[in-house]
K.L.:
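Here it is, the structure, as structure tokens.
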Amino acid sequence: IEDAIRRSEIITVDAIDDLRRIYYRTYQRSPQRWWLKVVVEDDEVVTAYRVNRIKRGEKVLWQR
């Protein structure tokens, strides 16, 4: 989770809550590739889980 925040590939704003920042980092384990999604609010991790794609409606703040 810390690695995903420090070396994120994409940072977005949550589609529903503007105070939440979402950090994405890709990981690959053969044969699948997935994103680790880390949701942060008020400098605190709210949740983290893996997803297949970035959620529609999230506004991209930064992209590597």
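As a basis for the values below, the full set of heavy atoms in this structure was taken, side chains included, without hydrogen atoms, waters or symmetry mates.
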K.L.:
Taking transitive links into account, so neighbours of neighbours count too, which hydrophobic residues share a cluster with Ile10 at under 4.5 Å side-chain distance?
P.N.:
Ile22, Tyr24, Trp35, Val39, Val46, Tyr49, Val51, Ile54, Val60

K.L.:
Under the 3.5 angstrom rule, does the side chain of Glu9 hit a backbone N or O of Gln63 as a donor-acceptor pair?
P.N.:
no

K.L.:
Sequence neighbours excluded, which residues qualify as side-chain hydrogen bond (donor to acceptor under 3.5 Å, both in side chains) partners of Asp3?
P.N.:
Arg7, Arg25, Tyr27

K.L.:
Restricting to non-hydrogen atoms, name the atom on Ser8 and the atom on Tyr23 that form the minimum distance, rounded to 0.1 Å.
P.N.:
OG-CD2, 3.8 Å

K.L.:
Keeping to residues at least two apart or across chains, list the salt bridge (Lys or Arg N to Asp or Glu O under 4.0 Å) pairs with something in residues 43-57.
P.N.:
none

K.L.:
For Arg20, what residues pass the side-chain hydrogen bond (donor to acceptor under 3.5 Å, both in side chains) criterion, not counting sequence neighbours?
P.N.:
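With sequence neighbours excluded, Arg20 shows a side-chain hydrogen bond (donor to acceptor under 3.5 Å, both in side chains) to Glu41, given in chain and number order.
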
K.L.:
What residues, two or more places apart in sequence or in another chain, satisfy side-chain hydrogen bond (donor to acceptor under 3.5 Å, both in side chains) together with Thr12?
P.N.:
Glu58

K.L.:
Which residues pass the salt bridge (Lys or Arg N to Asp or Glu O under 4.0 Å) test with Arg64, sequence neighbours left out?
P.N.:
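Here no residue qualifies.
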
K.L.:
Going by side-chain hydrogen bond (donor to acceptor under 3.5 Å, both in side chains), name the residues that satisfy it together with Thr47, two or more places apart in sequence or in a different chain.
P.N.:
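With sequence neighbours excluded, Thr47 shows a side-chain hydrogen bond (donor to acceptor under 3.5 Å, both in side chains) to no residue whatsoever.
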
K.L.:
Who passes salt bridge (Lys or Arg N to Asp or Glu O under 4.0 Å) against Arg6, sequence neighbours left out?
P.N.:
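Once residues adjacent in sequence are excluded, the partners of Arg6 under the salt bridge (Lys or Arg N to Asp or Glu O under 4.0 Å) criterion are Glu2.
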
